[in-house]
Amino acid sequence: MTGHDYLFISSSKGKAKLKCNTSIVRRQQEDPTMTNMSPFYQLCLVAAVCVGDACCSSCPVLECWFVQEKKGGGGGLAAATTLEKSLLHIQTDRHPAESQQAPSDIPPERVYLITDPAGTLCHGSLNPPRGSVEKPQCEINPFLPQPSTLKWVSPLTDSASSPIYLQADWFSTALQGLNGELAVSAVTRAPTATKEHKVTLSVTTTTASVQSRLGGPVLLDCGLWADPSSPLSGSGFAVEWRYQFRGEGRLVLAYDGKTDRLADLQEEGATLDYEGLHQRGNASLILPEAKVRHSGLYICAVYLPYLVAQVTMELQVVEPPSLSIHPSPLPLAVPGRPFTVQCEASGFAPLGLELSWEFKGTDGKSRSLGSGSLTGHRQAWDGTYSQSTRLELDSTKLELGRGGEVTCVAVHLGGPRRASVTLNVIGFSSPSIEDSMAMVGVALVLYGLIKFVSWTVTSSGSDQGGQQEKKDK
């Protein structure tokens, strides 16, 4: 096989070519009979190897911040931290690290090779196109394995002694993909004093930010993966969901996977897909009916013996307002005699709302009448809000002419809403088709009555004249 054959089949990327060529040479060295293969079979082999290596090369090289506490801190104050640039080379299959020259602003000791058999860290949102300005967010911290005191986690570490497996370098890595598509928390392990890590536990979510209508079902995605080759993965696991809002937090649900029991439940109706949890690592939280009080930050934490990884996601329950205008219909407007119209927006969440008025004249042109006089917010029993605005309609000052359409406009996160009423100004408004037909009908009736009375009077006069003439004769 010649170098030209390789160049024809291989990827156009230089690194992929190098890996492909190296793989072929290594296979020829391991199996000398390959040199006797026909060109057709050699070509098929080259294509298979190149495609495989191209897939492997899709894993990203992540720029990351290495965060750790400064040594020597104390005095009861929060420890200061240091930030160092680092580089993470991701792969799905463990193989010897190739010599890679780190950028000048990254210390060589902060360049790591991470093997992720699940391929989570190779997600497209963590691997932007070359030259892209936007980058995924990444932070890596030293991690200290330790037992948990939570009652639904402590059974995972019943043994009084820590396994020798824990004697290694442990890191915790948090990543946020582009456009919020993916959030990952991974715990990695490396033999002491090495930089070749392997993912032991990873927790992911594809719903870092969720919006839901009031009363609808909610699914907060959370997935877990544990390295089956790790001795910690065979000792059970635990899942915990917590809720936080404005500095206050509470437990939503806790599940002990080791004994397959719901350890605690403080949110009525909240549940997990327990079968999917054990079979596919689906730890997603299900809320059957979204309520306003459900808006906030949710934390999905997964525990293995001595290990924990967690991801956060924000849920926002959104409900647009319902609008009503009073009075409706509007009374007839008399020039120089203003009256007040009120628009009430009710049943909306969250709180932010903009109310305003518009007027559309008989000429079809629209203009703003301002926001009117706004009232304060009021909260209903279900947590939704209401607010009103009042507008004084003076056909003379506002130059409303012959009248038109008055509209209340609400701008809200749940979408814009509009409500309209018709304004008629006395002396300017033209009659409607129905009114015109009624007037014609009345005119015809009056005309008929007049004709009938006239005919009756005329006939009566003629009769009386005839009788008088007879008498005279």
Side-chain angles (χ1 to χ4, degrees), residues 117-118 120 143-166 170 172-174 183-189 198-207 210 217-245 248-289 294 296-313 315:
T120 304
F143 180 82
L144 178 63
Q146 54 186 342
S148 174
T149 58
L150 295 172
K151 63 180 181 179
W152 47 84
V153 182
S154 56
L156 300 178
T157 52
D158 288 337
S159 175
S161 59
S162 301
I164 299 178
Y165 179 78
L166 297 180
W170 293 85
S172 175
T173 305
V184 184
S185 177
V187 177
T188 62
R189 177 188 180 276
K198 185 179 183 182
V199 175
T200 303
L201 170 66
S202 66
V203 180
T204 62
T205 181
T206 57
T207 56
V210 182
V218 178
L219 177 68
L220 298 177
D221 175 68
C222 182
L224 69 93
W225 180 86
D227 181 10
S229 66
S230 168
L232 302 182
S233 64
S235 302
F237 67 93
V239 175
E240 176 190 82
W241 277 93
R242 287 191 173 274
Y243 167 85
Q244 286 186 351
F245 184 69
E248 298 183 359
R250 58 180 170 84
L251 178 70
V252 176
L253 179 150
Y255 174 73
D256 181 357
K258 183 176 183 179
T259 60
D260 189 21
R261 68 183 182 90
L262 189 62
D264 203 342
L265 177 64
Q266 296 188 11
E267 178 62 49
E268 184 180 357
T271 187
L272 304 177
D273 178 6
Y274 298 105
E275 182 179 353
L277 175 59
H278 283 272
Q279 294 183 359
R280 302 181 300 276
N282 179 13
S284 301
L285 180 68
I286 302 170
L287 300 174
E289 183 180 355
H294 289 151
L297 191 70
Y298 287 79
I299 303 171
C300 174
V302 177
Y303 294 85
L304 290 184
Y306 306 98
L307 305 181
V308 60
Q310 64 182 34
V311 290
T312 62
M313 58 211 78
L315 170 63

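The structure displayed is predicted, hence computed values, not measured ones. Positions are given from 1 along the sequence.
The shortest heavy-atom contact between P305 and G236 is CD-O, 3.7 Å. Across all non-hydrogen atoms, the minimal contact from S148 to Y303 is OG-CE2, 4.3 Å. In this structure, W241 and A283 approach most closely via the heavy-atom pair NE1-O, 3.0 Å. The two residues S233 and A226 have their closest heavy-atom pair at CB-CB, 4.0 Å. Smallest separation of non-hydrogen atoms from L265 and A270: CD1-O, 3.6 Å. When all heavy atoms of A238 and L156 are compared, the pair lying nearest together is N-CD1, 4.1 Å.
The environment of CG in L144 is crowded: more than 12 heavy-atom neighbours from other residues, nucleotides or ligands sit within 6.0 Å.
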Next item on the list: Take L277 and L224, measure what side-chain contact (heavy atoms from CB on, under 4.5 Å) needs, and give me the verdict at the end.
Entry: CA-CA 8 Å; L277 175 59; L224 69 93; 3.7 Å; yes
Checklist line | Criterion side-chain contact (heavy atoms from CB on, under 4.5 Å) on M313 and V210, from CA distance to verdict | finding: CA-CA 8 Å; M313 58 211 78; V210 182; 5.5 Å; no
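Listed for the T207 side chain is a donor-acceptor partner under 3.5 Å among the backbone atoms of D221. A donor-acceptor pair is defined here as one N or O able to donate and one able to accept, closer than 3.5 Å; such a pair exists between the side chain of S284 and the backbone of C222. Within the 3.5 Å criterion, the main-chain N or O of A301 finds no donor-acceptor partner in the side chain of R242.
The distance from atom CG of D273 to atom CG of L219, rounded to the nearest 0.5 Å, is 9.5 Å. Taken from OG1 in T206 to CG in L220, the straight-line distance is 10.0 Å, to the nearest 0.5 Å. The distance from atom OG1 of T188 to atom CH2 of W170, rounded to the nearest 0.5 Å, is 8.5 Å. Considering CG of L232 and OG1 of T157, their distance stands at 11.0 Å, rounded to 0.5 Å.
Considering V239, L272, D264, I286 as possible partners of L253, the one that fulfils the side chain to side chain contact (heavy atoms under 4.5 Å, CB included) test is L272.
Contact of the W152 side chain with the L251 side chain is registered, since non-hydrogen atoms from C-beta on lie closer than 4.5 Å. Between K198 and T200, the closest side-chain pair of non-hydrogen atoms is not below 4.5 Å. For the pair S185 and V311, the minimum side-chain heavy-atom distance is below 4.5 Å. Annotation: side chain of L315 is in contact with side chain of L287 (closest heavy-atom distance under 4.5 Å). Side-chain contact between F143 and L307 is present, with heavy atoms from C-beta onward closer than 4.5 Å. No side-chain heavy atom of L201 sits under 4.5 Å from any side-chain heavy atom of F237. Two residues are said to be in side-chain contact when any heavy atoms from C-beta on lie closer than 4.5 Å; L262 and Y274 meet this criterion. Proximity of E267 to H294: side-chain heavy atoms (C-beta onward) are separated by under 4.5 Å at one or more points.
Between Y255 and H278, the ring planes are perpendicular. Angles over 60° get that label, and only those under 30° would be called parallel.
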